[in-house]
Amino acid sequence: MLLFAVFTTAAQTSPSTHRDDPSQRVKSAPASVWTMFRAAGMKPVNRTLTAAQQEKVKNAFALLPPMHQQILKEHLYSISFMDNMPNTALTSPIDTNGVAKQFNITFRAGLLDETVSEWATKKENTCFEPVKGTNYTLRVEAGNLDALIYVLMHEATHIVDAVTEITPHPSERDAVVEPTPFTKGVWRMMNKPDANYMDSLLEQTRFRSGQALPINQAPDVYRKLAQTPFPSLYAMAAWFEDIAELATIYHLTTQLNQPFYVIVTKDGKELARFEPMRNELVKQRLNQLAAFYVK
């Protein structure tokens, strides 16, 4: 599960110069990240990257949209890689004593050895649990690029959102605030979709309820999802995940020419296919992303 954390940590050293390459800002994670994972019973370990892994990081940054690259030059304090962390990535604000907003992104280091399809398939399968006596499978077809490319785009979009306020940033989760153009008509509150897109089955999915559904319900889940403007189940977690998922899936498919769709099969027969970039409700939102590509 991707996690956008809202907390701060004191900077131990001055941030990297804004003129250098953000992909080179690899540091150990902030102290509060270590503390949070250890408090959860984890035993995180810092990963020192090999030359080949450093090249993967550099490539992933080079593939970001122009706006993302510019904002990261100004607002990315550091990136970190950990083993034994519970989630895929964590974006956290850094307290730099008055300097413009700064952020750290901590990645699960194993991500460096996965493709987008491999990583996305594992993540999507956490939404469902097996049903005894049945032969269902669920996979995500998303190409063979490095998984880091997808996850960096997602996390970088959180930073772009935090800096430019594509979504509202209320202090309270349940606050009713003035919508932005991105959230208007889609979200009622930060983690509550508009009434038009509330569905009893979708509300039971993992990123809405915290619980996995039996996999025999997956075909109905994706049919219901296709009737909403959300590009993925994870996009339904909150509006800041919605913009991160929409931007990332759009970038992967239209800018990097990769596929992205979910297939559910039973006994080898396809029962459902969810392809967000073919969904008219999703496509109506894509004009919101145009500013990302202005050089």
Side-chain angles (χ1 to χ4, degrees), residues 2 4 22-23 56-73 88-89 91 105 111 114-121 123-124 139-164 166-167 180-187 197 207 222-223 225-263 272-295:
L2 298 177
F4 180 51
S23 72
K56 287 186 177 186
V57 173
K58 184 175 181 179
N59 179 60
F61 273 86
L63 292 176
L64 291 171
M67 177 180 281
H68 289 58
Q69 294 195 32
Q70 183 58 44
I71 285 180
L72 291 188
K73 284 181 181 179
T88 298
T91 294
I105 305 175
L111 189 71
E114 298 176 290
T115 67
V116 179
S117 290
E118 290 168 343
W119 169 79
T121 294
K123 174 172 172 281
E124 203 73 11
R139 72 181 190 275
V140 179
E141 296 290 350
N144 293 317
L145 294 178
D146 293 334
L148 180 64
I149 292 169
Y150 186 106
V151 179
L152 174 63
M153 176 66 187
H154 181 107
E155 298 301 318
T157 302
H158 282 319
I159 296 176
V160 172
D161 180 24
V163 172
T164 66
I166 301 167
T167 68
T180 64
F182 181 79
T183 63
K184 187 175 182 180
V186 178
W187 291 93
Y197 304 117
F207 301 123
Y222 289 106
R223 280 191 281 269
L225 185 60
Q227 296 170 25
T228 76
F230 302 113
S232 69
L233 289 175
Y234 191 50
M236 295 192 70
W239 58 38
F240 52 81
E241 300 299 356
D242 186 18
I243 180 57
E245 284 288 272
L246 183 65
T248 302
I249 295 170
Y250 172 82
H251 189 68
L252 183 74
T253 56
T254 67
Q255 304 299 308
L256 304 182
N257 300 312
Q258 301 298 300
F260 191 92
Y261 52 91
V262 182
I263 296 178
R273 179 181 294 230
F274 174 71
E275 191 166 1
M277 289 300 111
R278 291 184 179 271
N279 181 343
E280 289 301 322
L281 290 173
V282 171
K283 292 193 316 191
Q284 289 171 18
R285 308 178 73 197
L286 299 182
N287 63 337
Q288 303 279 348
L289 309 179
F292 294 167
Y293 298 92
V294 177
K295 296 183 179 180

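Each residue takes its place number in the sequence, starting with 1.
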Original post:
Can you tell if the side chain of P229 reaches within under 4.5 Å of the side chain of Q284, non-hydrogen atoms only?
Top reply: no
**OP:** With rounding to the nearest 0.5 Å, note down the distance linking CD in Q70 to NZ in K73.
**Re:** 6.0 Å
**OP:** Report the distance from atom CZ of F230 to atom CG of L225, rounding to the nearest 0.5 Å.
**Re:** 8.5 Å
Original post:
Hey, is the main chain of H251 close enough, under 3.5 Å, to the side chain of T254 for a donor-acceptor pair?
Top reply: no
Original post:
Does the gap between the ring centers of F240 and W187 come in under 6.0 Å?
Top reply: no
Original post:
Going by heavy atoms in the side chains, are L233 and V262 under 4.5 Å from each other?
Top reply: no
Original post:
Nearest heavy-atom pair of P259 and G143: which atoms, and what distance?
Top reply: CG-N, 3.6 Å
Subject >> Aromatic plane relationship, H158 with H154 - under 30° parallel, 30 to 60° tilted, over 60° perpendicular >> reply: perpendicular
Subject >> Rounded distance [0.5 Å steps], CE in M236 versus OG1 in T228 >> reply: 5.5 Å
Subject >> M153 and L252, any side-chain heavy atoms less than 4.5 Å apart >> reply: no
Original post:
Should Y150 and T88 count as side-chain neighbours, where that means a heavy-atom distance under 4.5 Å?
Top reply: no
Original post:
In Å and rounded to the nearest 0.5 Å, what is the CG to CG distance from D146 to L152?
Top reply: 11.0 Å
Subject >> Distance (rounded to the nearest 0.5 Å) between F182 CZ and R285 CZ >> reply: 4.0 Å
Subject >> K283, NZ: over 12 other non-hydrogen atoms inside 6.0 angstrom >> reply: yes
Original post:
How close do G185 and Y197 get, heavy atom to heavy atom, and via which atoms?
Top reply: O-CE1, 3.4 Å
Original post:
Are E241 and L246 side-chain neighbours, meaning at least one heavy-atom pair lies under 4.5 Å?
Top reply: no
Subject >> Side-chain heavy-atom pair V151, T248 within 4.5 angstrom cut-off >> reply: no
Subject >> Side chains of Y293 and Q255 in contact at under 4.5 Å (non-hydrogen atoms) >> reply: yes
Original post:
In Å and rounded to the nearest 0.5 Å, what is the OG1 to CD1 distance from T157 to I166?
Top reply: 7.5 Å
